[in-house]
Amino acid sequence: MLYAELAELYSRLEKTTLKTLKTRLVAEFLRKVEDPDLLEIIPYLILGKVFPDWDERELGVGEKLLIRAVSMSTGIDAREIENSIKDTGDLGESIALALKRKKQRSFFSQPLKIERVYSTLVKVAETQGERSQDRKLKLLANLFMDAKPEEGKYLARTILGTMRTGVAEGLLRDALGEAFRVDVPLVERAFMLTSDFGHVARIAKLEGNEGLSRVEMQVGKPIRPMLAQQAAGVKDALREMGGEAEFEIKYDGARVQVHKDGDRVIIYSRRLENVTRSIPDVVDQVRAHLKPEKVIVEGELVAVGENGRPRPFQFVLRRFRRKYNIDEMIERIPLELNFFDILYVNGESMIEKTLSDRRRILESVVEEGEGIKLALKLVTGNEEEAERFYREALEMGHEGLMAKRLDSIYEPGNRGKKWLKIKPTMENLDLVIIGAEWGEGRRAHVFASYLLGAYDAERGDFVPVGKVGSGFTDEDLVKFTEMLKPLVMEEHGKEVKIEPKIVVEIAYQEIQKSPKYESGFALRFPRYVSLREDKSPEEADTLDKVAQLYTLQERMRGKKV
Ligand code: ATP
């Protein structure tokens with residue numbers, strides 16, 4: 001199948017903001033793919049990726065190398081391509097421009113096929129070791145040699161992971177339903193159980209609803225984690241759980257999903273990235289302490305300090321990011337894994353079992369030891385006892401408690417009320433930047449404050465809930481300014497309106513009811529915490545969530561927690 005057809009799809013997707021239209025475009029494209037093997041890779045390419053997030057392979061190609069490859073294939077100086085970014089505002093556009101001006105024409109130039117693009121990118125990812133940069137360069141230059149300008153633009157965006165066509169997982173799911181006339185909830189279920197959109201697409205096409213309903217979890221493919229909502233306190237949680245609950249320590253670390261098949265162990269992060277290589281110490285412990293041959297379990301990985309108290313979760317993330325000198329990191333940041341759930345044992349799914357049953361089975365398969373523990377728990381219907389456990393958890397330096405419904409099954413990917421978190425502070429919000437304001441004096445060349453929006457389903461648009469200017473370092477401000485400049489839609493004096501694309505995590509002192517914004521809410525003392533590159537605007541928090549948290553905050557105020 002021609003890559004030009006895919007480039008045409010990207011281009012059409014970019015031209016509309018209408019979700020229904022985007023869904024139809026993707027569905028029509030999926031239907032056109034005849035070869036089931038090709039169909040397995042198409043969903044990732046549509047999302048702007050080459051591999052699923054949980055695949056360990058990475059292209060390892062940065063802007064510099066990409067520009068060199070384009071330079072090699074066009075005969076245009078790399079500096080010239082780089083300089084043109086100032087005018088085009090985007091490397092993809094600059095590459096398209098370079099391809100238009102191409103000086104050398106190959107006699108053997110042939111139309112690019114999707115299959116060739118994909119297999120070349122796989123080769124690029126698998127090229128390692130000595131002189132790997134040079135070999136990657138050649139592979140890429142060859143590809144760009146045959147790319148038309150439009151194709152080159154989207155190739156570049158795929159390679160750099162900067163495709164922004166507004167297609168997220170939800171849209172892909174709906175499009176699969178439409179393309180192959182299968183039930184969307186069944187597609188969703190298969191997504192949640194396998195995280196493998198390619199495989200799900202294949203099954204949807206070849207086996208329809210029946211095939212989809214037979215999809216089961218597999219060791220080696222991450223399952224979407226079940227998530228929690230926040231409760232106002234222990235009492236509220238008990239009421240919600242029907243009078244009795246399993247309370248567990250809410251560890252402040254990083255969630256991991258551990259897959260074990262004999263000696264093979266794979267560990268996935270909360271975002272389902274394969275982090276196995278960075279934590280060989282944990283892998284060894286898992287091999288030694290998890291008894292079943294084949295098993296999938298979940299737990300929280302915590303960094304422990306000298307006194308045995310937990311250290312902030314950023315320490316665990318430092319371990320995850322490490323590629324070199326891992327031994328040194330093992331010494332500096334020892335980890336402890338606290339298991340809290342079991343999803344699969346020796347060919348049998350556990351997720352339909354109740355929490356109580358799962359916990360019992362978990363206890364029978366985990367042998368506690370150094371670095372491997374079961375999450376501390378208390379099953380009770382007694383409020384005072386639970387409050388005491390909560391206080392102890394906080395005194396020990398943990399984040400709070402989780403309350404879990406005893407008779408609840410494990411619902412992959414769901415954030416319902418079967419699991420509730422209890423902690424003393426309100427959770428942060430992930431909001432979308434919808435406007436900005438130029439700074440003054442020393443900050444005159446950067447945007448110094450940012451208007452934050454939450455999606456209002458009724459209006460079908462983002463509405464403002466606050467303006468944030470604190471929590472940024474000078475470097476952050478420069479970075480955000482660069483990132484947002486191409487997204488400016490309108491300018492009014494010092495204020496600009498920004499296309500809603502960038503998601504940020506925001507802490508705040510409280511949510512106030514306020515007539516100032518059309519949302520009806522305003523954040524008091526908002527503070528920037530982090531850039532959520534892993535979230536699209538569709539995945540950010542909504543106005544409904546803000547309203548929900550406001551109610552929760554008022555309930556928390558009504559009692560001592
Ligand atoms: P975000 O979406 O902001 O990344 P989250 O949804 O992962 O956060 P929360 O909803 O605040 O996190 O709480 C659930 C998380 O708490 C789990 O994903 C897990 O990482 C962590 N956790 C710690 N201890 C436990 C426990 N005993 N049981 C379940 N989850 C626990």
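None of the values given here were measured: they were computed from a predicted structure. Ligands are counted one by one from 1 in listed order, and the atoms in each one are counted from 1 as well.
Of the protein's non-hydrogen atoms, E300 OE1, 3.5 Å is the one closest to atom 22 (N) of ligand 1. The protein atom (non-hydrogen) at minimum distance from atom 18 (O) of ligand 1 is R255 NH1, 2.9 Å. Looking only at heavy atoms of the protein, atom 16 (O) of ligand 1 is closest to K250 NZ, 3.1 Å. The nearest heavy-atom contact from the protein to atom 8 (O) of ligand 1 is R270 NH2, 4.0 Å. In terms of protein heavy atoms, atom 31 (C) of ligand 1 is closest to F340 CE2, 3.7 Å.
Heavy-atom proximity to atom 10 (O) of ligand 1, evaluated over E427, K421, E539, is greatest for K421. Of the options F247, F339, Y251, the smallest heavy-atom separation from atom 23 (C) of ligand 1 is shown by Y251. Taking only non-hydrogen atoms, the option from E399, Q230, M402 nearest to atom 25 (C) of ligand 1 is M402. The residue from R532, E505, K404 that puts a heavy atom closest to atom 29 (C) of ligand 1 is K404.
On a distance-only criterion, I249 and ligand 1 share at least one N/O pair closer than 3.5 Å. Considering backbone and side-chain atoms together, R415 places an N or O closer than 3.5 Å to an N or O of ligand 1. Considering backbone and side-chain N/O atoms, W419 never comes within less than 3.5 Å of an N/O atom of ligand 1.
Atoms CD and CG, on E518 and D456 in that order, are 8.0 Å from each other to the nearest 0.5 Å.
By the 4.5 Å heavy-atom criterion applied to side chains, E169 and F197 are counted as neighbours.
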Intermediate values then yes/no, ring-ring contact (aromatic ring centres under 6.0 Å, His included), F480 and F447: CA-CA 8 Å; F480 273 96; F447 291 133; over 10 Å; no
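The shortest heavy-atom distance from A228 to ligand 1 is under 4.0 Å. For R271, the heavy-atom gap to ligand 1 drops under 4.0 angstrom.
A salt bridge does not link E248 with K377: none of the charged nitrogens is closer than 4.0 Å to a carboxylate oxygen. Between R359 and D357, none of the side-chain N atoms (NZ, or NE/NH1/NH2) sits under 4.0 Å from a carboxylate O, so this pair counts as no salt bridge.
The two atoms that bring V503 and A540 nearest to each other are CG1-CB, 4.0 Å, heavy atoms only.
Every side chain to side chain contact (heavy atoms under 4.5 Å, CB included) that P280 has, sequence neighbours left out, goes to I326, I330.
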Donor-acceptor list for residues 288-297 side chains, cut-off 3.5 Å, not counting sequence neighbours:
unit_1 : atom_1 : unit_2 : atom_2 : d
H289   : ND1    : E367   : O      : 3.0
H289   : NE2    : Q285   : OE1    : 3.3
K291   : NZ     : S364   : O      : 3.2

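A 6.0 Å sphere centred on NZ of K417 holds no more than 12 heavy atoms belonging to other residues, nucleotides or ligands.
Within the listing of ligand 1, atoms 6 (O) sit less than 4.0 angstrom from a heavy atom of L227.
F521 and Y550 have tilted rings, their planes meeting at an angle from 30° to 60° on a 0 to 90° scale.
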